[in-house]
J.: 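Structure in structure tokens, see below.
No hydrogens, no waters, no symmetry mates; every other heavy atom, side chains included, goes into these values. So that the names make sense, note that chain A is the first sequence line, chain B the second, and so on, each numbered from 1. Here the structure is a predicted model, which means the values were calculated and not measured.
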2 protein chains.
Amino acid sequence: MFGGFYLALKEAIKSTLVTQVIAQMKGLIEEGEWVVGTRIPPEPELVKQLGVSRNTVREAVQALVHMGLLETRQGDGTYVRSQSELGATLMRRLRRSGVEETLEVRHCLEREAARLAALRRSDEDVQILRLCLKLHDEAMRCRNIEDFLSADLALHHAIVAAAHNSVMLDLYDHMSEAVRASISSMIPKLDHVLVHRLLDLHHELVEAVIAKNAEAAEVAARKHDEVVQTMLQERATQESEA
Amino acid sequence: MFGGFYLALKEAIKSTLVTQVIAQMKGLIEEGEWVVGTRIPPEPELVKQLGVSRNTVREAVQALVHMGLLETRQGDGTYVRSQSELGATLMRRLRRSGVEETLEVRHCLEREAARLAALRRSDEDVQILRLCLKLHDEAMRCRNIEDFLSADLALHHAIVAAAHNSVMLDLYDHMSEAVRASISSMIPKLDHVLVHRLLDLHHELVEAVIAKNAEAAEVAARKHDEVVQTMLQERATQESEA
DNA sequence: CACCATTTGTTCGTATGTATT
DNA sequence: TAATACATACGAACAAATGGT
């Protein structure tokens, strides 16, 4: 990599107290200190910890609410709604379009990631990939839908992670999160033949990445996508019949 | 397309006055009523037009400021900083990584878009592509850097637009915007041989899309990417020499 | 340079509706 | 049902910064 060449930045100098608090709370959320779905400390607690006035805390909280990161419930408390601003914003944007468009972009990232992963994967990546594949096969036997979906997403995440491009990984993860509900509702009606074909392709894909064979990895990713496309079309015909 | 299958939505009912004002102002910005870089009406004016109190207006403005859409300057006014929330958020995220990562994802979208464009382009797309190519060649002769860059971006935008995937197009455009400054600073030092090779590839790419030849389009996009990679490496070596 | 109008920033107070206890 | 706490919205006054005369 040819380093030291970053995007032009303009902000930096602007820092009110509220802005700092926002940055700090956003940091806590994005670092995972404040877990999604849980309740954050009550306002008096935040006032003590951050050392600012209650008004400032309130203003920062409201800003984060409007950004989609937090959610306030009267008489209850404020909860974490999303782990990243990009995720929340992207989610709002993706909701305006059909799932097909999101899946198409997601696959596009996946295919390039497969190619790059074959070129760049580390030894540590290999270990993670093998582990994911093992869990994936086990979850398959248990036939628990949610567990299987989680294992599937973890495997694909690991492949994209092995490409070592953080922007690509972020976009991919957020898109996976966005389509998860849709996919989950789709799985129960699947053709078993296709599912097994999918599992074979997962093995083929991982092996290609481990073998550092970029072309094979890309081909496997493409075949994987074609199977998913077929599943979607089957589901569509089922829907129109019902 | 198999329609009527959208992402699960949760929000919907939450509507305070501030939220409504935020939505309204965001709409004005995204529709282009309030142009980027210009000043929006002063608070008293907004109070009259929207029929809410100044505090409510201020809260909405602050929310939009924290989202990156607006920028306030005391004693001067409030200015439009970005046209879309996704653009602003994505920009902040991309700033944290090197340009290389962004360019890599952008190329990935571009390649898939080229393939899809060849499959889906309409007759109207063809007209637009030919026009962009013509303007592109003319800008080339004038040797004005900014004009040439604009024509180049317009051409690539048209190709991605011809793929008819709005999510892909949005992401691509915002990434182009994010790297524009970096590319602009890179152009003056370019090798003329490479530039002409790039122009030839632009023609090859557009013709492939018009001919509905998906494989050729993807190949041309990949070759285009390789040339850009070469340019980046040349620039990197020049930097290290200086 | 001083002055002034404009515009945003800050901090009060008050009224009203709503959720929790 | 009554009491309490909180969120929301409005209004008003003053402070601070900017741009032009």
J.: Round to the nearest Å and state the distance from A:His66 atom NE2 to D:dA7 atom C1'.
T.: 12 Å
J.: Would you say that more than 12 heavy atoms from the other residues, nucleotides or ligands in this model lie under 6.0 Å from the CD of B:Glu45, or not?
T.: yes
J.: I'd like to know if B:Arg54 reaches the base of C:dG9 with its side chain, counting only an N/O donor and acceptor under 3.5 Å.
T.: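 Yes.
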J.: Assign A:Glu59 to base, sugar-phosphate, or nothing according to its heavy-atom contacts below 4.0 angstrom with the strands shown.
T.: nothing
J.: Toward the 5' end of DNA chain D, which comes first, B:Asp76 or B:Val18, by nearest nucleotide?
T.: B:Val18
J.: Of all the choices, C:dT11, D:dA9, C:dG9, which nucleotide is nearest to the side chain of B:Asn55 once you look at every atom?
T.: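 Among C:dT11, D:dA9, C:dG9, the one nearest the side chain of B:Asn55 is C:dT11.
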J.: Just how far, in rounded Å, is P of D:dA16 from CD of B:Glu43?
T.: 18 Å
J.: Between D:dC10, D:dA7, C:dT7, which nucleotide has the shortest distance from any of its atoms to the side chain of B:Val52?
T.: D:dC10
J.: Salt bridge check: are B:Arg39 and B:Asp76 linked by an N-O gap of less than 4.0 Å?
T.: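 Looking at B:Asp76 together with B:Arg39, the answer is yes, because their closest N to O distance falls below 4.0 Å.
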J.: State whether A:Glu146 and A:Arg180 are salt-bridged, where the test is any N-O pair (Lys NZ or Arg NE/NH1/NH2 against Asp/Glu carboxylate O) under 4.0 Å.
T.: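 Looking at A:Arg180 together with A:Glu146, the answer is yes, because their closest N to O distance falls below 4.0 Å.
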J.: Look at the side-chain N and O atoms of B:Thr16 and state whether any lies under 4.0 Å from the OP1 or OP2 oxygen of D:dA7.
T.: no
J.: I want to check one thing: is the phosphate of C:dG9, taken as OP1 and OP2, less than 4.0 Å away from some side-chain N or O of B:Gln62?
T.: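 False: B:Gln62 side-chain N/O out of range (4.0 Å or more) of C:dG9 OP1/OP2.
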J.: Does B:Thr78 put a side-chain nitrogen or oxygen below 4.0 Å from OP1 or OP2 of C:dT8?
T.: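 Yes.
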J.: Going by the angle between their ring planes, with limits at 30° and 60°, are B:His202 and B:His156 parallel, tilted or perpendicular?
T.: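 Ring orientation of B:His202 relative to B:His156: perpendicular.
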J.: For A:Thr72 and D:dA7, is the shortest distance between a side-chain N/O and OP1 or OP2 below 4.0 Å?
T.: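 Checking D:dA7 against A:Thr72, no side-chain N or O comes under 4.0 Å of OP1 or OP2.
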